[in-house]
Amino acid sequence: MARYQREYNKTITGLLRSIKSGDKQKMDELFNMTFNHFYGYALVKTWNKSKAEDAVMSMFENVIRYINSYDEGRDGATWMYTILNRIIYNINAEDKELQKYERPITDERYSKDLDQMYEVIGLSRAVAGLDDTDKKIVFMYYFERRTLEEIAEALRLSTSATHKRKQQILKRFKKFLV
């Protein structure tokens with residue numbers, strides 16, 4: 001671990017100890033010092049600015065609520081990451097549950113719907129030469145914000161094949177847009 005990171009973690013641990021001891025004003029200092037750091041982490045895990053912000057704010061609420069359970073002998077940053085990871089896990093699990101009820105694009109009869117949607121948003125020329133599977137990959141990845149693993153599972157492809165196809169699609173789009 002880098003020296004800066006160790007010092008950063010020690011500072012967080014010290015602030016948490018102070019808060020646990022009753023110095024509630026240190027909460028502002030902890031928030032100001034760590035919000036951007038934890039927000040960036042949450043953003044990478046959720047890929048949604050609003051959800052990332054909600055997750056971090058919930059984390060701080062839980063820090064306040066459960067400060068008495070904080071073990072002062074342990075690293076404070078790790079404790080906060082644990083809280084944040086649990087919150088992000090629950091947010092992502094809720095999203096997956098909601099996706100179960102969305103109409104999946106796995107059947108050939110929906111390819112006409114995709115063509116119409118791309119025409120409406122002005123991408124019809126860019127996707128005109130793509131086969132139906134590639135059109136589905138574009139839609140699922142960029143509009144439904146699904147992961148490559150989820151797309152691969154829905155289309156019954158390997159993750160590496162899905163990634164490779166997405167890369168080829170991007171090259172095609174770049175040629176089209178330039």
Side-chain angles (χ1 to χ4, degrees), residues 1-2 5 8-9 12 34-63 66 75 77-178:
M1 186 182 314
Q5 188 66 41
Y8 182 76
N9 290 358
I12 291 172
T34 61
F35 179 83
N36 288 336
H37 178 83
F38 286 114
Y39 173 74
Y41 177 80
L43 189 58
V44 168
K45 295 290 187 174
T46 62
W47 290 97
N48 181 299
K49 291 179 182 180
S50 177
K51 289 178 183 175
E53 188 173 303
D54 289 347
V56 174
M57 294 309 291
S58 293
M59 178 201 64
F60 282 111
E61 289 173 14
N62 284 326
V63 166
Y66 300 112
D75 181 38
T78 302
W79 183 66
M80 291 176 72
Y81 273 115
T82 301
I83 293 170
L84 183 58
N85 281 325
R86 287 182 185 152
I87 293 166
I88 291 170
Y89 175 82
N90 289 334
I91 287 171
N92 289 336
E94 288 172 11
D95 285 349
K96 285 189 186 280
E97 186 63 28
L98 291 174
Q99 285 177 358
K100 287 181 184 176
Y101 303 104
E102 294 176 359
R103 183 178 84 173
I105 302 179
T106 58
D107 194 79
E108 292 303 315
R109 64 188 161 147
Y110 298 123
S111 63
K112 290 181 182 174
D113 293 342
L114 278 179
D115 289 337
Q116 289 173 348
M117 191 262 320
Y118 287 134
E119 191 169 325
V120 169
I121 62 173
L123 286 176
S124 59
R125 288 188 335 183
V127 297
L130 298 178
D131 64 21
D132 289 340
T133 302
D134 288 346
K135 289 177 185 177
K136 291 174 188 176
I137 290 171
V138 170
F139 183 78
M140 290 175 165
Y141 190 79
Y142 292 104
F143 296 99
E144 291 184 345
R145 305 293 290 169
R146 294 191 189 193
T147 65
L148 289 174
E149 291 82 14
E150 292 169 334
I151 295 168
E153 183 179 321
L155 298 177
R156 294 186 178 106
L157 299 169
S158 69
T159 304
S160 61
T162 305
H163 175 73
K164 189 173 186 176
R165 288 180 87 142
K166 185 189 77 102
Q167 295 300 83
Q168 291 170 343
I169 293 166
L170 285 176
K171 286 179 185 176
R172 180 184 177 90
F173 282 0
K174 285 179 183 177
K175 289 177 186 175
F176 177 79
L177 294 172
V178 174

For residues Thr133 and Leu157, determine if any side-chain heavy atom of one lies less than 4.5 Å from a side-chain heavy atom of the other.
yes
Trace of the side chain to side chain contact (heavy atoms under 4.5 Å, CB included) decision for Trp79 with Ile12:
CA-CA 10 Å; Trp79 183 66; Ile12 291 172; over 6 Å; no
Using the ring pair (Phe, Tyr, Trp, His ring centres under 6.0 Å) criterion, which residues pair with His163? Sequence neighbours excluded.
none
Can you name the closest pair of heavy atoms from Ala55 and Ile91 and give their distance?
CB-CD1, 3.8 Å
Are Leu155 and Thr162 close enough, and set up right, to give a side chain to side chain contact (heavy atoms under 4.5 Å, CB included), and what steps lead you there?
CA-CA 9 Å; Leu155 298 177; Thr162 305; 5.8 Å; no
Heavy atoms only: give me the nearest Glu53-Tyr39 pair and the separation to one decimal.
N-CE1, 3.7 Å
Relative to the ring of His37, is the ring of Tyr81 parallel (under 30°), tilted (30 to 60°) or perpendicular (over 60°)?
perpendicular
Give, for atom OG1 of Thr82 and atom CG of Asn62, the distance between the pair rounded to the nearest 0.5 Å.
12.0 Å
Using a cut-off of 6.0 Å, state whether more than 12 heavy atoms not belonging to Lys45 lie near its atom NZ.
no
Are side-chain heavy atoms of Ile151 and Phe139 found at a separation under 4.5 Å?
no
Determine the minimum heavy-atom distance between Ala42 and Val56, stating which atoms define it.
CB-CG2, 3.9 Å
With sequence neighbours excluded, tell me which residues meet side chain to side chain donor-acceptor pair (under 3.5 Å) with Thr78.
Asp75
Give me the atom names and distance for the closest heavy-atom approach of Met80 to Met59.
O-SD, 3.5 Å
Closest heavy-atom pair and its distance - Asn9, Ala77
OD1-CB, 3.4 Å
Looking at CZ of Arg165 and NZ of Lys136, how far apart are the two atoms once the value is rounded to the nearest 0.5 Å?
10.5 Å
What's the shortest heavy-atom distance between Tyr141 and Arg146, and which atoms?
CD1-O, 3.6 Å
Who pairs with Tyr66 by side chain to side chain donor-acceptor pair (under 3.5 Å), at least two apart in sequence or on another chain?
none
CE of Met57 to CD1 of Ile87, rounded to nearest 0.5 Å, is 11.0 Å
Flag yes if more than 12 heavy atoms outside Glu149 fall under 6.0 Å of its CD atom; otherwise flag no.
yes
How many angstroms lie between CD1 in Ile169 and CD1 in Ile137, if you round to the nearest 0.5 Å?
5.0 Å
